[in-house]
Amino acid sequence: MGSTSADNNGTGENSMAGVGRRALIKRSAALGLISVPTMSFLSACASGGGGGDQGKAKAGKKTAKNPLGVNNTAQMEFVLFDGGFGKEYAEDAVKIYEKNFPKAKVKFSATQKIQSTLQPRFNQGNPPDLIDNSGAEQMDMGVLVGKNQLADLTPLLDSPSYDDPNKKVRDTLRPGIVEMGQFDGDKVWILYYAYTVYGVWYSKKALDSLDEEYPKTWDQMLAVCAKAKKKGMAGWTYAGKYPYYIPFSLYPMIGKVGGREVLDAIDNLEPNAWKHPAVKACFEAYYELYKKGYILKGTPGLDHIQSQTAWAKGKALFLPNGSWVENESAKVIPADFEVTVSAPTGLDESDKMPFGAIWASGGEPFIVPAKAKNGQGGMEQLRIMLSEASSKNFTSKVKSLTAYNGGTDGIELTPGLTSGVAALELAGENVLNPRLQDWYVQLQKEKIGVAGLGEMMAGRITPAEAIKKIQAFADETAKDSSVKHYKHQ
């Protein structure tokens, strides 16, 4: 998602860690401001077209300081998704690249319109060298991989890390980052730079004012929402225009209730996966929030920024989101808000996984196009970003962890980041990583999100109708021979 990436991100969705966003989960997880293009548009983006190796920069000489053999006079173009994490962290990393290669020109730009900006360039065989492929206009990664449009990042991962030449880049990354970038084998197509914690976000001050602890069972959740409603505060809000944020807490709840194998079956597009009793129970639980009037009035018409602002202003207690939300909403969150994230509430003691089971994974997906003129330069920019200094800079500025396994020493962590680290410690091995938002972007966002969950949470269809609808969408994708399919190994 992206920072949202949730979005992947995000987002955030506009997504850590987190969808979702943290779009995308983007996500995931910072999710942008318009709906995802249709599959035909996404497919067109990855359809190939001229270019070949024509115009590619000649490789430079490999040295200890230049292990990837970057041409030190070739231009390097970097396009960043301009979402919840902003662009300053990337601009700072670009300055290091420029210092290391003073004869090279770097063309840097940031946009929320990744798809519409870059689709023509992929078709023409003239893409940038490095792309942060996040937000609502995220290009479909499954399509890009299936159409051989991305470069394998193994040379980057096997190169010496920026800080320690005796340690490979891959050995400096958090668990699961390399695997997330794989689709159907050992090759790694994506480097998820942010590490997003997805879950239920709230103000500890607001919860304390109700004299309540975070609810661990659904009966307790409904009781807390009822108490909040009496005090004039809605229980929940969410990005109604982008309801694929809802899975940032709903999916890990399904995994908690039914076990991670339920989420794996959903990712694998297995027949009747959405008809599992755990899915039914969790959909009905969320629908109760609507039925009992615990959703902030007008939520279906809110985008991610509007819902986050309403939450920050105390109009709603709980918000499904990714760890980019603290930075994305920094200007509207009161100083004494005490931003906190929790793993999703479960149903009851019959749940298969303990309380604390959470969705956390790489977010903010970076890619190097196969037809990039200076792919080595794009990978080198990523190598710089995966240094301890760049990681600390990111964490300090945007209140989120990175894929670099460390980078927090000496940094005063914000309340949200502190709670995210604590949530990961509580989860231990019970970390879930649904892959729909990576493997099947249109299915996850347009169909499951908007047409399924969005309609259900707005009260326009029942849980049973939503499940039937979503299962049909999944079956349609599973049978579509034009879509490359992936499975958990």
Side-chain angles (χ1 to χ4, degrees), residues 19-21 198-254 256-257 278-321 325 329 337-348 351 355 449-450 452-467:
V19 161
R21 102 4 138 220
Y198 300 97
V200 180
W201 293 78
Y202 62 95
S203 161
K204 187 174 184 301
K205 178 186 177 184
L207 194 59
D208 287 346
S209 73
L210 297 174
D211 196 27
E212 289 286 351
E213 298 286 333
Y214 182 83
K216 294 184 178 180
T217 70
W218 204 252
D219 283 344
Q220 291 170 355
M221 170 59 77
L222 295 176
V224 170
C225 289
K227 206 168 185 180
K229 188 175 182 180
K230 287 181 180 178
K231 292 281 186 77
M233 175 186 284
W236 284 64
T237 190
Y238 58 89
K241 288 186 177 180
Y242 310 122
Y244 40 84
Y245 275 61
I246 296 168
F248 295 155
S249 58
L250 177 58
Y251 283 2
M253 181 185 182
I254 291 170
K256 179 184 186 325
V257 172
V279 176
K280 181 175 183 290
C282 293
F283 272 44
E284 289 175 346
Y286 268 56
Y287 191 62
E288 274 191 279
L289 297 174
Y290 160 76
K291 291 277 284 185
K292 292 182 180 295
Y294 297 154
I295 304 289
L296 178 66
K297 188 176 180 180
T299 287
L302 302 180
D303 65 21
H304 58 298
I305 298 297
Q306 292 168 325
S307 62
Q308 289 164 194
T309 300
W311 166 75
K313 290 183 176 180
K315 294 182 179 179
L317 185 57
F318 298 120
L319 177 81
N321 219 301
V325 68
S329 302
F337 192 81
E338 295 182 79
V339 178
T340 309
V341 64
S342 176
T345 300
L347 284 183
D348 51 40
D351 293 351
F355 178 77
V450 175
L453 295 174
E455 291 297 288
M456 182 184 81
M457 294 305 291
R460 291 188 283 264
I461 59 176
T462 66
E465 289 168 335
I467 288 171

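Along the sequence shown, residues are numbered consecutively beginning with 1.
Distance check, rounded to the nearest 0.5 Å: CE of Met233 to CG of Leu210 gives 6.5 Å. Atoms CD and NZ, on Glu213 and Lys204 in that order, are 7.0 Å from each other to the nearest 0.5 Å. Atoms CG and CD1, from Leu453 and Ile461 in turn, are 8.5 Å apart once rounded to the nearest 0.5 Å. Atom CG in Leu250 sits 8.5 Å away from atom CE in Met457 (nearest 0.5 Å). In this structure, Tyr202 OH and Leu319 CG are separated by 13.0 Å, a value rounded to the nearest 0.5 Å. Lys256 contributes atom NZ, which lies 8.0 Å from atom CG of Leu347 (distance to the nearest 0.5 angstrom).
Listed by first and then second residue, the side chain to side chain donor-acceptor pair (under 3.5 Å) pairs involving residues 338-348 are Tyr214-Thr345, Asp348-Ser350 (not counting sequence neighbours). Identified under the salt bridge (charged side-chain N to carboxylate O under 4.0 Å, His left out) test for residues 219-231, with sequence neighbours left out: Glu212-Lys227.
Between the Trp311 side chain and the Trp201 main chain, a donor and an acceptor come within less than 3.5 Å of each other. Side chain of Gln308 to main chain of Ile305: no donor-acceptor pair is present (N/O by atom type, distance under 3.5 Å, no hydrogens or angles).
Across all non-hydrogen atoms, the minimal contact from Ala458 to Pro300 is CB-CG, 3.9 Å. Heavy atoms only, all atoms of each residue included: Phe355 and Pro344 are closest at CE1-O, 3.7 Å.
Applying the salt bridge (Lys or Arg N to Asp or Glu O under 4.0 Å) test to Lys241 and every residue at least two apart in sequence or in another chain returns nothing. Ala239 is linked by a side-chain contact (heavy atoms from CB on, under 4.5 Å) to Tyr242, Tyr245, His304, Ser307, counting only residues two or more places apart in sequence or in another chain. Applying the side chain to side chain donor-acceptor pair (under 3.5 Å) test to Tyr251 and every residue at least two apart in sequence or in another chain returns Gln444. The salt bridge (Lys or Arg N to Asp or Glu O under 4.0 Å) check on Lys205 picks up Asp336, with sequence neighbours excluded. Residues that satisfy the side chain to side chain donor-acceptor pair (under 3.5 Å) test with Thr462, not counting sequence neighbours, are Glu465. For Ser203, the side chain to side chain donor-acceptor pair (under 3.5 Å) test picks out no residue, with sequence neighbours left out.
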Can you give each donor-acceptor pair under 3.5 Å made by side-chain atoms of residues 278-298, sequence neighbours left out, with the distance rounded to 0.1 Å?
from	atom 1	to	atom 2	distance (Å)
Lys280	NZ	Glu284	OE2	2.9
Tyr286	OH	Ser249	OG	2.7

side-chain contact (heavy atoms from CB on, under 4.5 Å) between Leu302 and Thr309, worked out: CA-CA 10 Å; Leu302 302 180; Thr309 300; over 6 Å; no
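Contact check for Trp236 versus Thr299: no side-chain heavy atoms found under the 4.5 Å cut-off.
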